[in-house]
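Here's the structure we're looking at; comments come further down.
Chain A is the first sequence line, chain B the second, and so forth, proteins listed ahead of strands; every chain is numbered from 1.
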Amino acid sequence: MRLCNDLLVRLDRRVTRRAFLRAGGMSAALLALSRVRAPLLASEGAPASGGATLQVLSPTDARILSAIAERMTFTGDPRMPKFSDTAGLQVIDTALRQLPPDVPRQLSWALLLFEYGPPLWIGALSTYSGLAPEWQDVYIDGWADSRFQTRRIAFQAFKNLSMLGYYSQDATWPAIHYGGPWAPKPRRTIPMAPPS
Amino acid sequence: MITPGDGITADLTLSAEVCVIGSGAGGSVVAKELAEAGRDVILLEQGPHCTKDDFTQREDEMMPLLYEDMGQRATVDQTILILQGRTMGGSTVHNLCYCFRTPEPILEKWKREAGVRDLSAADLQPSFERVERMLKVKSIRPDEVNALNNRIRQGCEKLGYSGFVTNHNREHCTQSGFCLLGCPFDAKQSMLITYVPAADAAGARIYANCAVRRLVGEAGRVRRVEGEVLDGLGRPRHRFTVAAQVIVLSAGAINTPALLLSSGIANGNGRVGRELHLHPSVLLSGLYDEDIYGYRGIPQSYYVDEFIDLERDPDSGYILMPVYGFPVMTATQLPGFGPAHFEMMKNYHRMVGILVLMHDQSSGQVRVDNRGRPQITYTVNPAEQQLFVEGLQHCAEILFASGATKVVVPYTRPLVLAPDDSLDVFQQLGVRQGDIPIASTHPQSTCAMGEDKRRAVINSYGQSHELSNLFVCDMSVFPSSLGAPPQISTASLADRTAQYIKTNWSGLTG
C-alpha cells in the first residue's frame with residue numbers, strides 16, 4: 001500500500017501531458033481523449049460491485065483501475081475470487097476519500113496515460129483494457145521494468161492500490177493462511193464526503 | 001477534557017499558559033508534566049482521538065486512521081517511505097515498543113560535537129526513570145518471543161552474531177500481534193493510554209483534529225498559534241487561535257520544521273529542516289518449509305547488534321531487526337504481480353522478514369511547498385549504500401542459517417535466492433534508491449539542539465535560540481542520528497525540557 005500524493009504529483013510534474021503526447025507522436029488522438037477527462041471527472045460516481053456507489057473514482061477511473069487490478073491480483077487459482085467479485089474497488093475508493101483531493105485527480109490522469117499507452121509503449125493499436133490478458137501482463141511488465149522511473153512509480157502505485165483492494169478482503173485470507181483480526185470488530189464507518 | 005473535532009461547532013479563540021502542539025512521545029509528556037505542575041495547558045493534536053474500540057485490526061481501515069498520509073508519506077522522489085503517526089498519541093500508537101535508553105556514546109558525541117550541556121546519562125537518569133515507570137517498561141519474557149523472532153535468534157546464534165531480547169512497554173499483552181495497527185486491548189502502553197489521560201486528569205485541555213498551520217512570532221516571542229479544526233476526512237471546518245505564554249512544538253521531525261518554515265520563524269541561521277536523518281531501512285524475507293505465523297505474537301522482541309558498536313564508532317553501523325507485515329503490506333512489498341506473486345503470498349504464514357536499519361550519516365532536508373506541505377529530500381550516501389549491501393548479505397545468511405529455503409529480495413527486478421546461491425549478488429546489484437524499497441520510521445534531527453547558535457535551532461533544553469518562549473520536543477532535536485529506537489529518548493528529553501520549563505517559568509513568561 002504505497003500510493004502517495006506526492007508520487008502522483010511527481011508523475012504529473014515529470015511527465016507533463018504535452019511532453020508525454022509529444023513523445024508518443026500521437027498528440028491529436030490522445031489530446032482529444034484527454035479533453036473528455038473533465039466531464040468524466042465531473043460525472044456521478046461509478047457503481048461499485050455489490051451496489052455501493054463510488055465517491056471518488058469516476059466510471060472511467062473505476063473501469064481502468066479494475067482492469068489493472070484484475071491482472072495484478074490474478075492468482076490462476078479458480079478457488080480464489082476475482083478482483084471484480086470483491087469489494088476491492090470500494091476499499092480503494094474509501095482510501096482515496098481520505099487523501100488530499102489532488103491525489104484522485106492525479107490518479108485519474110495516470111490511469112488515462114496507462115489506458116491509452118499501448119500504441120506508444122508496445123506498438124499495439126488498442127487500449128490497455130482492450131488487450132488480451134496475456135498482452136495486458138506484458139504491458140504491465142513493461143511499466144514495472146521501465147527504464148523511466150516515472151513509469152515504475154506508476155506501476156507501484158497501481159500495484160499498491162490493487163493489493164490494498166484485494167488482500168483487505170476476508171475472502172482472500174484462507175488461501176494465504178492469514179487468520180484475520182484477533183478480536184473481530186465491526187467495520188468502521190467512514191464519513192461521506194460533504195457535497196462540494 | 002478531550003474535545004474531538006466534531007465537538008467543535010464554531011471558530012475557536014483560546015488562551016492558556018502553555019500550548020503544546022502534537023501529542024506523541026514528546027508533546028504528551030510535556031503536557032502531562034506541566035499540567036501536573038499546575039500550569040494551564042492546551043494540547044493540540046491534528047489527528048483523531050481513538051480508543052481501543054476503534055482499532056479494528058484491518059489494514060485498510062487503520063492505515064488512514066493512524067498514519068500520516070495514510071502511511072504513504074515519502075520523499076519527493078518517492079524512493080523512501082516515511083511512516084509517522086497522525087493520531088492522539090502519535091507514533092507510539094503504532095510503534096513496536098522497543099525501549100532503549102539513549103546510548104551513552106551518542107550523548108557524548110552530542111556534547112562533543114554540538115556542545116550540548118547537562119545531558120550525560122546521569123543527567124538524564126531521573127527522566128529515564130519517570131518515563132519508564134509511566135510506560136511500564138520491562139523485559140520481554142522468553143516465552144513471549146514469537147516464532148519469527150526465534151528464527152532470527154537461531155540464525156544469529158548459529159553464526160555467532162550478537163543479539164538480545166529487548167525491553168518493551170506492554171502490560172498484560174495478549175500477543176495478538178496487531179501492534180502496528182493500534183492495540184485493541186490497551187496492552188501497549190502508548191502515550192494514548194498513559195501520558196495523554198494523565199495530562200487530561202491534571203486538567204489539560206486536549207483538542208483532537210486540530211491542525212496548526214502557523215505560529216505567529218513577534219518581538220522575540222511566539223504570540224499565538226493559528227490552525228484549522230478538521231472533519232473526519234481531514235477537511236477544514238473551523239478556524240482556531242491559541243494565545244499562550246509558552247509554546248511547545250512537538251509535531252515530529254517532518255511537521256515541526258515544516259511548521260517553522262511556513263511560519264517564517266526561528267530560522268535565522270537557516271538550519272531548520274536540515275540534517276534530516278531517517279534511520280533508513282531495507283528488508284528481505286525468508287521462506288520456510290514450516291509454519292511460522294509471524295503475524296502472531298510480539299512482532300519485534302529480538303535485536304541484532306552485531307554490526308553496530310557505538311562505543312567504538314558512534315558514527316556508523318547498522319542494526320538488524322525482525323519485521324512482519326499484514327497481508328496488504330506484504331503483498332505490496334513482494335516483487336511482481338499475478339500468479340507468481342500469489343505463489344509467494346501462499347507462503348505468507350511461512351515468511352520471516354528482517355530489515356537492515358542504518359545509523360545514518362547520510363542526510364536530507366525538509367522544505368515546504370507554497371501550501372506549507374513538507375517536501376522531503378534524502379540521499380543515501382555511497383558508503384551507506386555499501387553498508388546496506390553488507391547488511392542484506394548478513395540478513396540472508398541469518399535466514400538461511402535458521403532454515404529458510406528461499407530468500408526473496410524486493411528489488412525492482414526481483415531476486416530470489418536459494419541456500420547454495422552466492423550472496424555476492426548483492427555486491428553486483430548494490431542498494432540504490434529507486435531500485436529497492438527503503439522505509440523509515442524514525443525521522444529525526446531537523447531542529448537540532450546545541451549551544452552554537454550558528455548551527456543549532458534550539459539550545460540544550462529545547463528552547464529556540466531566537467524565540468524565548470518557543471520549545472521543541474520531539475525527534476527533531478537530536479543533533480545526529482540516534483542509532484537506537486527512539487521512543488524512550490524522545491520522551492525522556494521531553495521530560496527534561498518540561499522540568500526546565502517548570503523551574504524557569506518566571507523567566508520564560510516575564
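- With respect to the salt-bridge test (charged N to carboxylate O, under 4.0 angstrom), the residues A:Arg188 and B:Asp53 do not qualify.
- A distance-only check finds no donor-acceptor pair linking the side chain of B:Gln57 to the backbone of A:Pro184 [under 3.5 Å].
- Side-chain N or O atoms of B:Glu61 include none that pairs as donor or acceptor with a backbone N or O of A:Arg187 at under 3.5 Å.
- Between chain A and the residues B:Glu343, B:Met345, B:Arg350, the most heavy-atom pairs under 4.5 angstrom are made by B:Met345.
- Proximity to chain B is absent for every atom of A:Tyr166, based on heavy atoms less than 4.5 angstrom apart.
- With rounding to the nearest 0.5 Å, the separation of CE in B:Met329 from CG in A:Leu164 is 11.0 Å.
- Contacts of A:Asp137 with chain B are made by both backbone and side-chain atoms, with heavy-atom separations under 4.5 Å.
- In this structure, CG on B:Asp60 lies 10.5 Å from CD1 on A:Ile92, to the nearest 0.5 angstrom.
- Not one N or O on the side chain of B:Lys346 forms a donor-acceptor pair closer than 3.5 Å with the backbone of A:His177.
- In this structure the side chain of A:Tyr167 never reaches within 4.5 angstrom of the side chain of B:Glu59, judged on heavy atoms.
- If you measure heavy-atom distances from A:Ala144 to chain B, the contacts under 4.5 Å come from the backbone alone.
- Atom CG in B:Asp77 sits 7.0 Å away from atom CD1 in A:Ile153 (nearest 0.5 Å).
- A distance of 10.0 Å separates NE2 of B:His341 from OG of A:Ser162, quoted to the nearest 0.5 Å.
- Using a distance-only test at 3.5 Å, with no hydrogens or angles considered, no donor-acceptor pair links the side chain of A:Tyr178 to the main chain of B:Tyr293.
- Side-chain atoms of A:Phe74 and B:Phe342, non-hydrogen and from C-beta on, never get closer than 4.5 Å to each other.
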